[in-house]
Every structure is written in C-alpha cells, then in structure tokens.
Amino acid sequence: MTTYVALLYSIVLGPGRRLVMSDLREMADDLGLGNPRTLVATGNLLFEADGISVPELERSLEAAFAKKFGKHVDIIVRGAEAWLKLVAANPFPEESGRDPDQVAVRVMREPVAPEAIERLRPYVAADEKLAAVNGDIWLYFSRSAGSSRLLGALTPRRAGGIGTSRNWNTVRRLGEMVAG
C-alpha cells in the first residue's frame, strides 16, 4: 500500500459551517481508502491505497466531498515519496528554523510555470521571499502573512493553476507522519 497526503483547498462549507475532521476520515473510509487519518483541523488527510493514480484519487476525493458536503473543494494529492521530496526541497531552511509559521508552500496540482512566478514577483515585499521548487511555490513572510500582498495575489490565475498552501509546521509534521 502507498501512503498519500491529500490537501483540501478550503474546509469552510458555508456561513458558520466547517468541516469536522472525523467526517473527512469517514468520507475517505467510505471510498475504501485505508487507514485514513488527519492532521490538525485544516483539511490535511493521509490515507493508503494501491493501484490508483494521483489524478484518479483527486477526482474521486473531490466527487465524494461534493456529494457528502454539498460543495466542490479542490483537493491536491501527493504520494509519500513526492511529499518527502517536497519536504526536503524547502529553499528556506534558516527561516523555517527561526519562523516556521511564516514559511509556506503552495502545493500545486500541476507544476507552476516560470511566467506565473514572474506575475507574483511585484507582490513580494522587500522583506519576503518567493521561490519555485519542483513545481511548487515556496514563500517566506517576514511579518504576519495576513498583511502580505503576496498572500492575496496567490490566486489560481496568477499562480498558474490549482494549489493550496500549508505552513512549514504542517508540511514538516505531514512528512513525519508519512515517514512514520
């Protein structure tokens, strides 16, 4: 069995409604995915499966989510090996050690194109960093991410496609769970 990480783009189901992680695990179990487990209440699902491609897993999870919760949510899936490669590729190790909650990666469904990174550069403040590594977008916010212009610029159009962001604490902990 291969272990996979699935990242939900949003877990807000509507005004005043949030996804409960036990419901997400139940949905994965109903799909026949093995050993479903979650990390924090922000839409991080780990599970095991064999003989299913990543695109098939993404489509299956998205369809099941829409059926169960009444809303489409983009879901990005990575196999264990790909996730560990992502963790190892962190271009900001010093910043991650010092400010792990201010380093993030936008995990992309399709590799980000160089022109997308160039579209984002005007939004990077002098005290922030932006890098594309192995098709994903890495960010370092040297102040509150909520006040960054870059964070607001990470739309699918500017970023070049579907993706979802996680901070270094979450990325690292998912890596530990995958390697577990």
Side-chain angles (χ1 to χ4, degrees), residues 1-31 33-49 54 57-58 60-62 64-66 68-93 95-109 128 133-134 136-148 150-152 154-156 159 162-180:
M1 292 285 244
T2 301
T3 300
Y4 292 90
V5 174
L7 308 173
L8 282 68
Y9 175 73
S10 171
I11 61 169
V12 178
L13 300 174
R17 292 182 55 216
R18 290 187 65 82
L19 176 65
V20 177
M21 293 300 102
S22 60
D23 292 340
L24 182 61
R25 289 189 300 271
E26 180 181 293
M27 181 196 81
D29 194 50
D30 290 346
L31 283 172
L33 303 175
N35 192 23
R37 53 214 183 274
T38 54
L39 173 68
V40 299
T42 57
N44 305 295
L45 173 69
L46 287 89
F47 60 89
E48 296 165 4
V54 166
L57 286 168
E58 289 172 339
S60 178
L61 286 164
E62 287 176 355
F65 189 93
K68 185 170 182 85
F69 302 106
K71 178 184 176 185
H72 171 81
V73 168
D74 291 320
I75 300 175
I76 310 298
V77 174
R78 294 280 171 94
E81 186 176 313
W83 190 263
L84 294 173
K85 181 179 176 183
L86 178 141
V87 173
N90 180 349
F92 308 126
E95 294 85 349
S96 296
R98 186 180 61 240
D99 303 311
D101 60 333
Q102 292 174 259
V103 172
V105 60
R106 183 166 182 92
V107 181
M108 302 297 291
R109 178 168 286 163
E128 295 179 321
V133 180
N134 298 329
D136 296 310
I137 303 170
W138 285 85
L139 316 155
Y140 169 63
F141 302 98
S142 61
R143 59 187 184 285
S144 169
S147 67
S148 172
L150 180 56
L151 186 63
L154 284 172
T155 63
I162 296 170
T164 186
S165 299
R166 296 296 187 274
N167 74 30
W168 177 245
N169 287 325
T170 300
V171 170
R172 179 186 48 76
R173 288 179 61 202
L174 287 167
E176 291 167 356
M177 290 174 74
V178 163

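Hydrogens, waters and symmetry mates play no part in the numbers below; they use all other heavy atoms, side chains included. Everything quoted here is computed from the prediction, not taken from an experiment.
Other residues, nucleotides and ligands contribute over 12 non-hydrogen atoms within 6.0 Å of the CD atom of E26. Open room surrounds NZ on K85; 12 or fewer heavy atoms of other groups in view lie less than 6.0 Å from it.
One distance of note links CG of L45 with CD1 of I75; it measures 8.0 Å at 0.5 Å rounding. I137 contributes atom CD1, which lies 4.5 Å from atom CE of M108 (distance to the nearest 0.5 angstrom). To the nearest 0.5 Å, the span separating CG on D29 from OG on S22 amounts to 12.0 Å. Atoms CZ and CG, from R173 and N167 in turn, are 9.5 Å apart once rounded to the nearest 0.5 Å. Of the inter-residue distances, the one linking Y9 atom OH with I76 atom CD1 reads 10.5 Å to the nearest 0.5 angstrom.
Applying the salt bridge (Lys or Arg N to Asp or Glu O under 4.0 Å) criterion to R25, with sequence neighbours excluded, gives no partner residue. The side chain to side chain contact (heavy atoms under 4.5 Å, CB included) check on R37 picks up T3, N35, L46, E48, M177, with sequence neighbours excluded. Taking the side chain to side chain contact (heavy atoms under 4.5 Å, CB included) definition, one finds that S165 meets it with R106, L154, sequence neighbours left out.
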Take E62 and D74 through the side chain to side chain contact (heavy atoms under 4.5 Å, CB included) test and state the conclusion after the steps. CA-CA 6 Å; E62 287 176 355; D74 291 320; 3.9 Å; yes
Evaluate side chain to side chain contact (heavy atoms under 4.5 Å, CB included) for N44 paired with V5, printing each intermediate quantity in order. CA-CA 7 Å; N44 305 295; V5 174; 5.9 Å; no
Decide side chain to side chain contact (heavy atoms under 4.5 Å, CB included) for V87 and V178; before the verdict, give the C-alpha distance in whole Å, the side-chain angles of both, and the deciding distance to 0.1 Å. CA-CA 11 Å; V87 173; V178 163; over 6 Å; no
Criterion side chain to side chain contact (heavy atoms under 4.5 Å, CB included) on V171 and N90, from CA distance to verdict: CA-CA 10 Å; V171 170; N90 180 349; over 6 Å; no
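Between W83 and G175, the shortest heavy-atom contact is NE1-N, 3.4 Å. Between E58 and V77 the shortest heavy-atom distance is OE2-N, 3.0 Å. The two residues F65 and V73 make their nearest non-hydrogen contact at CE2-CG2, 3.2 Å. Heavy atoms only, all atoms of each residue included: W138 and L86 are closest at CZ2-O, 3.3 Å. Across every non-hydrogen atom of R78 and D136, the tightest pair is NH2-OD1, 2.8 Å. Of all non-hydrogen atoms in L24 and G43, the two that sit nearest each other are CD2-CA, 4.5 Å.
Counting heavy atoms from C-beta on, the side chains of L57 and L33 come closer than 4.5 Å. You'll find the side chain of L61 reaches within 4.5 Å of the side chain of M27, heavy atoms only.
The residues E176 and R172 are annotated as salt-bridged, a charged nitrogen and a carboxylate oxygen being separated by less than 4.0 angstrom.
Here the side chain of Q102 pairs a donor or acceptor atom with the backbone of F141 at under 3.5 angstrom.
Ring planes of F47 and Y4: parallel class, angle under 30° (limits at 30 and 60°).
Between R166 and the choices T170, N169, T164, the side-chain hydrogen bond (donor to acceptor under 3.5 Å, both in side chains) rule is met once, by T164.
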